[in-house]
Visitor: 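Pasting a structure here, questions to come.
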Amino acid sequence: MRLAFSMSAVFRKAVRTPLACLCAALSLTALSACDSVPAAEIGPRPAMFKLSDADSEIYLFGTVHILPRELVWRTAKFDAAFAKARTIYFETPGGPDSEARAMVLTQRLGVNPPGVTLDAYLDEAERKRLRKVAIKAGLQAENLQSMRPWLAAIMLSLNAMVIHGQDPNSGVEKILEAEAARSGKTLAYFETIDEQLGLFAKLSDASQKAVLLASLDDVEQGDALTQKLDRAWAQGDLKTLDKYVNSDLRKLDMNVYRAILADRNANWARQIDTLMKADQRGATIFIAVGAGHLAGTDSVPALLASMGYKIERAQ
């Protein structure tokens, strides 16, 4: 679930267009910090930040792009902030038009050239492992052969999570975007579908292979670790998310870390700075992006603080 905390747009389209998903499972070891207090005893409190000035305020809410349907995460503080906002920002657009565009782009950017198979990126031991893991994820390795490593990794991870009860329809952005549209709020986005899909397509073969091998690790580890990470998110445990999302990405491949997290955080922080400096006339803006973007030293809140903004933890 690594990218379920940091990538959204195409992932949210996975229900209708599986080839267009951008989700890789998170490599985890035991999350003992998540088990110290049962979630039911303390209630949900996903991380939310607030920054404000004389004429505007902005809320930053960390999301997960795929969740179990039964997981409770909404709170009174969240609902009040969301209701107050006139404009809601997401990573990238949802909806049928975006889904169609994502499918076209994924088929163009995620498919190997003629004569090249997924096996060509792997050694013999890795090929055997791919076949075993694919079966565990409910797939056949032969059906992945046309895909570049980044897309094969995503398909393996998504299938495994769905098998274990994670529901893309229950992802936070999918729910909030529909609610915002129904209530007449203005929808805005930090990135285009083309930009987000291009992040993976532009990775080197070595970086793509690293993502694929990490996805094999995740599928092999099974469902328990995903559940623990869901609990960490629901409890607003950003230290755990930074340790097991962002730190794992850094260990995996710094090029992947920069492309998926650090560079995008810097881009979004600059956009938020522009929003804060504009004349908002008392407006409230609500921003919902993957929770990985709100954790750690390269996070959006940390970058905004370095620009001189006062950031308070609103939840």
Visitor: Do Asn112 and Ser146 pair up side chain to side chain, a donor and an acceptor below 3.5 Å, judged on atom types alone?
Guide: no
Visitor: For the residue pair Trp73 and Phe78, does the interplanar ring angle fall in the parallel (under 30°), tilted (30 to 60°) or perpendicular (over 60°) class?
Guide: perpendicular
Visitor: Asp119 and salt bridge (Lys or Arg N to Asp or Glu O under 4.0 Å): which single residue from Arg131, Lys209, Arg129 fits?
Guide: Arg131
Visitor: Is Asn246 reaching over with its side chain to a backbone N or O of Ala295, donor-acceptor style, under 3.5 angstrom?
Guide: yes
Visitor: Backbone N or O of Asp242 within a donor-acceptor pair of the Ser247 side chain at under 3.5 Å?
Guide: yes
Visitor: State whether the side chain of Arg86 and the backbone N or O of Lys185 hold a donor-acceptor pair below 3.5 Å, judged by distance alone.
Guide: no
Visitor: Any side-chain heavy atom of Trp268 within less than 4.5 Å of one from His293?
Guide: yes
Visitor: Find out if a path of hydrophobic residues (ILVMFWY) with successive side-chain heavy-atom gaps under 4.5 Å connects Leu199 to Met254.
Guide: yes
Visitor: Taking Ala283's backbone N and O only, do any of them form a donor-acceptor pair with Glu57's side chain (distance below 3.5 Å, no angle check)?
Guide: no
Visitor: Working to the nearest 0.5 Å, report the span between CG of Leu71 and CG of Asp167.
Guide: 11.5 Å
Visitor: From Lys202 NZ over to Leu197 CG, what is the distance, rounded to the nearest 0.5 angstrom?
Guide: 11.0 Å
Visitor: So, Lys136 and Glu220, do they make that salt bridge, N to O below 4.0 Å?
Guide: no
Visitor: Is there a donor-acceptor pair closer than 3.5 Å between any side-chain N or O of Ser299 and the backbone N or O of Gly296?
Guide: yes
Visitor: Please tell me if the side chains of Leu130 and Leu216 come closer than 4.5 Å, counting only heavy atoms from C-beta onward.
Guide: yes
Visitor: Is there a side-chain contact between Leu60 and Pro301, using heavy atoms and a 4.5 Å cut-off?
Guide: yes
Visitor: Is Ile175 close to Asn169 at the side-chain level, that is, under 4.5 Å between some pair of heavy atoms?
Guide: no
Visitor: Are Lys251 and Tyr257 in a cation-pi contact, defined as NZ or CZ under 6.0 Å from the six-membered ring centre and within 45° of the axis?
Guide: no
Visitor: Side-chain contact test, heavy atoms from C-beta onward, threshold under 4.5 Å: evaluate it for Leu303 versus Asn265 and give yes or no.
Guide: yes
Visitor: Nearest 0.5 Å, what's the CD-CZ distance between Gln315 and Arg45?
Guide: 9.0 Å
Visitor: Any ion pair linking Glu179 and Arg74 (charged N to carboxylate O, less than 4.0 Å)?
Guide: yes
Visitor: Can you confirm whether or not the ring centre of Tyr89 sits under 6.0 Å from the ring centre of Phe190?
Guide: yes
Visitor: Can you tell me how far the CG atom of Leu213 sits from the CG atom of Asp253, to the nearest 0.5 Å?
Guide: 11.0 Å
Visitor: Establish, from distance only, whether the side-chain atoms of Glu195 and Tyr189 form a donor-acceptor pair under 3.5 Å.
Guide: no
Visitor: Distance-only, no hydrogens or angles: does the Ser183 side chain make a donor-acceptor pair with backbone N or O of Ala180 under 3.5 Å?
Guide: yes
Visitor: For Phe286, does its backbone N or O pair with a side-chain atom of Lys84 as donor and acceptor, under 3.5 Å?
Guide: no
Visitor: Given the rule that I, L, V, M, F, W and Y join up when any side-chain heavy atoms are under 4.5 Å apart, are Leu275 and Met307 in one cluster?
Guide: yes
Visitor: Is any side-chain heavy atom of Val172 closer than 4.5 Å to one of Leu67?
Guide: yes
Visitor: Check this for me: does any side-chain nitrogen of one of Arg101 and Asp194 sit under 4.0 Å from a carboxylate oxygen of the other?
Guide: yes
Visitor: Return the orientation label for the Phe200 and Trp150 ring planes: parallel under 30°, perpendicular over 60°, tilted otherwise.
Guide: parallel
Visitor: Counting N and O atoms only, with roles assigned by atom type, does the side chain of Arg127 sit under 3.5 Å from a partner on the main chain of Leu122, one being a donor and the other an acceptor?
Guide: yes
Visitor: Do Met147 and Val104 belong to the same hydrophobic cluster, where Ile, Leu, Val, Met, Phe, Trp and Tyr are linked whenever their side-chain heavy atoms lie under 4.5 Å apart, directly or via other members?
Guide: no
Visitor: So that I can tick it off, tell me whether Asp263 and Arg258 are bridged by a salt bridge, with the cut-off set at under 4.0 angstrom between side-chain N and carboxylate O.
Guide: no
Visitor: Side chains of Tyr309 and Asp273: any donor to acceptor distance under 3.5 Å?
Guide: yes
Visitor: Within the structure provided, determine whether Ile88 and Thr186 are in side-chain contact (heavy-atom separation under 4.5 Å).
Guide: no
Visitor: Assigning hydrophobic clusters by single linkage (Ile, Leu, Val, Met, Phe, Trp, Tyr; side-chain heavy-atom cutoff under 4.5 Å), is Val116 placed with Met155?
Guide: yes
Visitor: Can you tell me how far apart CD (Gln196) and CD (Glu91) are? Round to the nearest 0.5 Å.
Guide: 5.5 Å
Visitor: Is a side-chain donor or acceptor of Thr106 paired with a backbone partner of Ala102 at a separation under 3.5 angstrom?
Guide: yes
Visitor: Determine whether Leu212 and Val111 fall in the same hydrophobic cluster, where Ile, Leu, Val, Met, Phe, Trp and Tyr are linked whenever their side-chain heavy atoms lie under 4.5 Å apart.
Guide: no
Visitor: Using the rule given for side-chain hydrogen bond (donor to acceptor under 3.5 Å, both in side chains), can you reason through Asp223 versus Gln166, listing the C-alpha separation, both sets of side-chain angles and the distance that settles it, and then say yes or no?
Guide: CA-CA 10 Å; Asp223 179 45; Gln166 302 283 321; 4.9 Å; no
Visitor: Could you tell me whether a side-chain N or O of Glu126 sits under 3.5 Å from a main-chain N or O of Asp123, the two making a donor and an acceptor?
Guide: yes
Visitor: What I'd like to find out is whether the side chain of Ile287 reaches to under 4.5 Å of the side chain of Phe61, using heavy atoms alone.
Guide: no
